[in-house]
Amino acid sequence: MNAKGIPVLEIFGPTIQGEGMVIGQKTMFVRTAGCDYSCSWCDSSFTWDGSAKQDIRWMSAREIEQELDELGTATCSHVTISGGNPALIKQLGELIEVLHVRGIEIALETQGSRWQDWFMDIDELTLSPKPPSSTMITDWTQLDPIVEKLTIGQKKFSLKVVIFDDVDLDYARTVHRRYPHVDLYLQVGNHDVSEINRDVLQQQLMERYVWLIQTVMASTDFKKVRVLPQLHAWIWGNKRGV
Ligand SMILES: C[S@@+](CC[C@H](N)C(=O)[O-])C[C@H]1O[C@@H](n2cnc3c(N)ncnc32)[C@H](O)[C@@H]1O
Ligand SMILES: Nc1nc2[nH]cc(C(=O)O)c2c(=O)[nH]1
Ligand code: SF4
Ligand SMILES: [Mg+2]
């Protein structure tokens with residue numbers, strides 16, 4: 001293993017998985033530092049913009065396991081790894097191994113810009129390619145082989161596209177057309193990641209969710225998709241560690 005270990009910014013939970021294919025799942029989170037993207041609306045920009053640099057802890061798989069034990073492996077058997085982009089970190093393979101030996105299931109969130117061989121060991125992998133509103137450009141030469149390998153390996157994985165506007169929906173159409181066999185989740189974008197009033201945020205998110213539902217229901221391109229909010233943002237607002 002890399003002598004420096006795994007760069008960790010947050011370990012929290014148990015809480016509910018607020019997004020995507022296992023929404024509602026009781027889980028704990030490990031959030032790694034560092035991202036190869038810089039999405040305009042990133043709700044976890046502290047993982048890559050330098051603002052939490054002093055909080056990064058370089059931890060071994062065993063140290064992370066121990067902290068998860070202190071938090072709740074007695075009451076929770078599921079861990080979600082997010083970031084930043086955890087797919088930048090080769091040494092996460094060891095953590096995945098350590099947790100699996102304990103019978104703990106593992107989900108992972110990544111944008112699909114990089115492959116790691118340990119993707120094949122993830123129980124629920126979410127690929128979240130980024131729409132135009134993020135200002136990021138999808139490198140299909142990276143995403144295509146990732147989807148192909150996961151498909152051939154018969155892994156449980158999904159695509160999740162965050163939607164802010166009609167242009168993002170067009171992008172999601174392209175994704176759906178390119179990978180029609182993969183479960184697609186459309187997720188309401190949170191425009192205001194600095195709003196501190198939960199009720200104000202909830203109202204805005206609800207309006208955007210209604211717009212997204214209505215638009216998708218009327219669309220002939222999205223016959224079999226799931227439309228979801230970020231449940232944790234509804235419940236706790238823009239709060240860290242929930
Ligand atoms: C913070 S990212 C970390 C994992 C990885 N970098 C990625 O983007 O998939 C986790 C999830 O939050 C989503 N997300 C980030 N900012 C958001 C926002 N403002 N509104 C809705 N979803 C957001 C991302 O699209 C991704 O699906
Ligand atoms: N409860 C909860 N659910 C989540 N699903 C994805 C998250 C993330 O930031 O990756 C997240 C998060 O930060 N909290
Ligand atoms: S890829 Fe994920 S962590 Fe990176 S900037 Fe975009 S939303 Fe944030
Ligand atoms: Mg989040």
Side-chain angles (χ1 to χ4, degrees), residues 7 9-52 72 76 78-89 92 106-114 116 119 122 124-139 142-143 146 157-165 168 171-172 175 184-195 201-202 204-205 208-209 212 226-242:
L9 264 175
E10 291 182 322
I11 301 178
F12 63 90
T15 183
I16 50 136
Q17 167 56 266
E19 305 179 17
M21 66 193 287
V22 289
I23 193 165
Q25 169 82 50
K26 186 175 185 181
T27 191
M28 294 186 279
F29 279 84
V30 175
R31 191 183 303 283
T32 59
C35 193
D36 46 328
Y37 278 16
S38 52
C39 300
S40 58
W41 37 251
C42 179
D43 64 7
S44 305
S45 55
F46 62 92
T47 60
W48 51 266
D49 68 5
S51 60
C76 182
H78 191 276
V79 169
T80 304
I81 303 172
S82 188
N85 186 6
L88 299 178
I89 305 166
L92 271 178
I106 304 165
L108 187 119
E109 306 265 335
T110 183
Q111 62 264 45
S113 58
R114 304 276 178 95
Q116 288 288 347
F119 277 10
I122 298 294
E124 295 118 1
L125 184 71
T126 296
L127 299 174
S128 183
K130 296 295 176 271
S133 62
S134 70
T135 71
M136 297 298 111
I137 307 284
T138 302
D139 182 350
Q142 291 294 328
L143 190 56
I146 292 174
F157 77 107
S158 69
L159 288 157
K160 176 175 74 181
V161 181
V162 173
I163 307 292
F164 283 83
D165 53 32
D168 288 351
Y171 173 86
V175 170
L184 176 66
Y185 291 77
L186 301 179
Q187 172 166 302
V188 179
N190 174 3
H191 275 74
D192 195 354
V193 296
S194 57
E195 174 58 63
L201 183 68
Q202 218 177 46
Q204 292 169 357
L205 292 175
R208 295 181 185 285
Y209 190 27
L212 187 57
R226 295 176 196 182
V227 185
L228 286 177
Q230 278 180 304
L231 193 50
H232 55 104
W234 275 47
I235 301 168
W236 294 292
N238 288 313
K239 205 171 147 197
R240 258 177 77 168
V242 290

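Please read all numbers here as calculations on a predicted model, not as lab measurements. As the structure lists them, so they are numbered: ligands from 1, and atoms in each ligand from 1.
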For [X] and [Y], work out which heavy atoms get closest and say how close.
X	Y	value
Ile23	Pro229	CD1-O, 4.1 Å
Met21	Leu125	SD-O, 3.7 Å
His78	Lys26	CB-O, 3.3 Å

Check: Phe29 N/O within less than 3.5 Å of ligand 2 N/O: no

N/O separation below 3.5 Å, Gln17 to ligand 2: yes

Close approach, Arg240 and ligand 2, non-hydrogen under 4.0 angstrom: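 The answer is no, since Arg240 has no heavy atom less than 4.0 Å from ligand 2.
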
Out of [options], whose heavy atom is nearest to [atom]?
atom	options	value
atom 7 (S) of ligand 3	Gln111, Lys130, Met136	Lys130
atom 8 (C) of ligand 2	Pro86, Gly84, Ser82	Ser82
atom 6 (N) of ligand 1	Cys35, Gly84, Gly112	Gly84

Lys130 to ligand 1, any heavy atom closer than 4.0 Å: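 Heavy atoms of Lys130 do come under 4.0 Å of ligand 1.
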
Any Val161 heavy atom less than 4.0 Å to ligand 1: no

Would you mind telling me if ligand 2 is within reach of the side chain of [X], the backbone, both or neither, using heavy atoms under 4.0 Å?
X	result
Ile16	backbone
Val242	backbone
Gln230	neither

Side chain, backbone, both or neither: which part of [X] has a heavy atom under 4.0 Å from ligand 1?
X	result
Asn190	both
Glu19	side chain
Thr47	neither

Side-chain touch Thr47/Ser45, heavy atoms, less than 4.5 angstrom: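 No, too far: nothing below the 4.5 Å cut-off.
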
Any side-chain heavy-atom pair of Ser128 and Val161 under 4.5 Å: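 Contact flag for Ser128/Val161 side chains = no.
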
Distance from atom 13 (O) of ligand 2 to nearest protein heavy atom, with residue and atom: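 Result for atom 13 (O) of ligand 2: Arg31 NH2, 2.9 Å.
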
Heavy-atom nearest neighbour in the protein, as seen from atom 3 (N) of ligand 2, with distance rounded to 0.1 Å: Gly18 N, 2.9 Å

Under 4.0 Å to a heavy atom of [X] - the qualifying atoms of ligand 1, by number:
X	result
Val188	21 (C)
Val193	19 (N)
Ser128	9 (O), 25 (O), 26 (C), 27 (O)

Ser40 and Ser134: side chain donor to acceptor below 3.5 Å: no

Between His232 and Gln17: side-chain donor-acceptor atoms closer than 3.5 Å: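 No donor-acceptor contact under 3.5 Å links the two side chains.
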
Ligand 1 to Arg31 polar contact by distance, N or O atoms, under 3.5 Å: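 No; the residue has no nitrogen or oxygen that sits under 3.5 Å from a nitrogen or oxygen of the ligand.
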
Interatomic spacing from CE in Met136 to OH in Tyr37 - rounded to 0.5 Å: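 Met136 atom CE to Tyr37 atom OH measures 8.0 Å (nearest 0.5 Å).
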
Aromatic plane relationship, Phe12 with Phe29 - under 30° parallel, 30 to 60° tilted, over 60° perpendicular: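 Geometry flag for Phe12 against Phe29: parallel rings.
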
Ligand-side contact atoms (ligand 3) for residue partner Cys39, heavy atom cut-off under 4.0 Å: 1 (S), 5 (S), 6 (Fe), 7 (S)

Close-contact set for ligand 3 against Cys42 heavy atoms, below 4.0 Å: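 What qualifies from ligand 3 is 3 (S), 5 (S), 7 (S), 8 (Fe).
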
Ligand 3 contact by Gly84, heavy-atom criterion under 4.0 angstrom: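 Checking ligand 3 against Gly84, which is what was asked, there is a heavy-atom contact under 4.0 Å.
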
